[in-house]
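Below is one structure, written out as structure tokens; the observations come after it.
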Amino acid sequence: MLNKKALIIGTLMLAGSLSALAQSSINSPYTRYGLGELSDRGFANNAAMGGVGYALRNSGHINMLNPASFTAVDSLSFMFDVGMSLKSSNFQENGIKNNAKNSSFDYIAMQFRLHPRLGMAVAFTPYSTLGYNFTITQPVEGAEDVTATNLFYGDGGLQQITGGLGFKVLDNLSIGVNAGYIYGTLQYQSTKGFSVSSDQTNVYNNIKVNSYVADFGLQYTQKINKSDKLTLGLVYGLGHTLNSTDTRGIQETDNSSYSSVNEHVINDSYGIPHTFGAGLAYNHAQSLTFGVDYSLEKWSKVKYENSTDAYNDRSKIAAGVEYLPNPIGRSYLKRIRYRAGGYYKSSYLKLPQCDGPSEYGISAGFGLPLQLFQRNTILNVTGQYVHVTPSVPNMLSENRFVIKIGLTFNEHWFMKWKVN
């Protein structure tokens, strides 16, 4: 029988986490452009393997990267997954260095089986994050001892709530779909003032999004021999124009008695791209898994302020490995999952004078069983190094160090007990 008390606790944890996920968890001037920094949908265990997941099938983890993987869930299991990140970012531009530290509650998800051929998952994950706050002070040309100060500020993000179904068509072929709701607010603001006057000009742009998301997946597994198998994963994400309101305005004030506002609203002027992804995963004796993924996001055709030439297509390639020495070994070290991986991805941004920065990252992590005998709960710990490289010299670069922590509860809620 379903553990009703645990279900209630899990539901309360899900509801209580919504506000925490909405908080800004980044401090990067590059998020001033576009929809901010795009989030990966993978969890802590995926991140340790470079972010791969299109072809991964694991009964002990929730894989939101491909809904076809939901059929891999064990018939007795109810899985609940939560994750958070700790970040330290080092910025450098023209010899000037700065550091920013952030933390975030990244995701929360649950998964279970509805039927021997049908698995279901529900998740709350970020789509993009916006966060920057910096000042530029410059002398005014033709005016001695007069400087102009520009303050740039941005905050907010987009979140998505998705529910997915995976259906096992054949024993080695599964298909799946995720559908959900994307929402949030993006706030952009720039303020200009002069050293000899209290007059200020404030230009602001507030975007509110309430729309839908949908993506589809397929996984096909081919046995090579008794201990080896190869899985192909394919995904497609539906691109479309977002239901949004964009409130744009200019406020002029002298910080005392004078204030003038010129404001207007634009509807449905932003979008998200069609996304295509493919992955391969090789598994040996349930102990060694190697995966590689490639994805392409068609941002070049997406609307931004009612224009379709503001973005570049974004691609990503990732590879990762997981090794589990012995899932039932007596030594605790043999029951740990050891992971490593890396990725490279281009930027979807077009900056005023150049393209956005590219990015690469390397990662390593562990899946630590927390119960010595049952081993139903796994603590996933991942360390990442990320380097953001500008497309032209002397622009802002970033070195980011990230610790991701995920906790996967895998309880046998659906076990039927027999009494003799």
Strictly by modelled atom types, are [X] and [Y] linked by a side-chain donor-acceptor pair under 3.5 Å?
| X | Y | answer |
| --- | --- | --- |
| Thr241 | Asp268 | no |
| Lys101 | Asn99 | yes |
| Ser227 | Asn225 | yes |
| Tyr153 | Gln187 | no |
| Thr231 | Gln219 | no |

Can you confirm whether Lys350 is buried at NZ, in the sense that more than 12 heavy atoms of other residues, nucleotides or ligands lie under 6.0 Å from that atom? yes
Considering residues, nucleotides and ligands other than Phe216, do more than 12 of their heavy atoms fall under 6.0 Å from its CZ? yes
Got a sec, which residues hit side chain to side chain donor-acceptor pair (under 3.5 Å) with [X], two or more places apart in sequence or on another chain?
| X | value |
| --- | --- |
| Tyr212 | none |
| Gln251 | Ser259 |
| Asp355 | Asn312 |

Return the orientation label for the Phe276 and Tyr236 ring planes: parallel under 30°, perpendicular over 60°, tilted otherwise. tilted
Aromatic ring pairing Tyr360/His387, orientation class (parallel under 30°, perpendicular over 60°, tilted between): tilted
Is it true that Lys87 and Glu398 have a side-chain N and a carboxylate O under 4.0 angstrom from each other? no
To the nearest 0.5 Å, what is the distance between OH (Tyr323) and NE2 (His284)? 9.0 Å
With rounding to the nearest 0.5 angstrom, report the CG to CG distance, Asn45 to Leu379. 11.5 Å
Has [X] got a side-chain atom pairing as donor or acceptor with [Y]'s backbone, closer than 3.5 angstrom?
| X | Y | answer |
| --- | --- | --- |
| Asn90 | Lys97 | no |
| Ser346 | Ser315 | yes |
| Ser391 | Cys354 | no |
| Thr377 | Leu370 | no |
| Ser244 | Val209 | no |
| Asp81 | Ile108 | no |
| Asn243 | Asn210 | yes |
| Asp246 | Ile207 | no |
| Tyr107 | Ala44 | yes |

So which atom in [X] and which in [Y] form the shortest heavy-atom distance, rounded to 0.1 Å?
| X | Y | answer |
| --- | --- | --- |
| Asn178 | Phe70 | OD1-CE1, 3.5 Å |
| Gln111 | Ser69 | NE2-O, 4.4 Å |
| Leu130 | Arg32 | CD1-N, 4.4 Å |
| Gln160 | Pro126 | NE2-O, 4.2 Å |
| Arg335 | Pro327 | CD-O, 3.6 Å |
| Pro357 | Ser347 | O-CB, 2.9 Å |

In the structure I gave you, are the side-chain heavy atoms of [X] and [Y] within less than 4.5 Å of one another anywhere?
| X | Y | result |
| --- | --- | --- |
| Gln200 | Leu151 | no |
| Phe43 | Thr125 | yes |
| Thr71 | Arg57 | yes |
| Val386 | Tyr343 | yes |
| Met395 | Leu351 | yes |
| Asn58 | Asn63 | no |
| Met84 | Leu86 | yes |
| Ile250 | Thr201 | yes |

Going by salt bridge (charged side-chain N to carboxylate O under 4.0 Å, His left out), name the pairs with one or both residues in residues 307-323, residues two or more places apart or in two chains. Asp40-Lys316, Glu297-Arg314, Lys298-Asp313, Glu322-Arg337, Glu322-Arg339
Could you give all pairs that pass the salt bridge (charged side-chain N to carboxylate O under 4.0 Å, His left out) test and reach residues 159-187, with sequence neighbours left out? Arg117-Asp171
Run the salt bridge (charged side-chain N to carboxylate O under 4.0 Å, His left out) test against Glu305 and tell me which residues pass, sequence neighbours left out. Arg248
Between Ser295 and Tyr54, does a side chain to side chain contact (heavy atoms under 4.5 Å, CB included) hold up when you go through it step by step? CA-CA 10 Å; Ser295 63; Tyr54 293 151; 3.4 Å; yes
From CA spacing to verdict: side chain to side chain contact (heavy atoms under 4.5 Å, CB included), Ile272, Val213: CA-CA 9 Å; Ile272 56 177; Val213 289; 4.1 Å; yes
Pair Gln159, Ile161 - check side chain to side chain contact (heavy atoms under 4.5 Å, CB included), show working. CA-CA 7 Å; Gln159 298 82 41; Ile161 302 174; over 6 Å; no
With a 6.0 Å cut-off on the ring centroids, do Tyr204 and Tyr188 count as close? no
Using the ring centroid of each side chain, check whether Tyr282 and Phe290 are separated by less than 6.0 Å. no
Could you give me the CA-CA distance, side-chain angles and deciding distance for Thr253 and Asn202, then say whether side chain to side chain contact (heavy atoms under 4.5 Å, CB included) is met? CA-CA 8 Å; Thr253 178; Asn202 180 30; over 6 Å; no
Tyr311, Tyr33, Tyr30 screened by ring pair (Phe, Tyr, Trp, His ring centres under 6.0 Å) with Tyr348, the one that passes: Tyr311
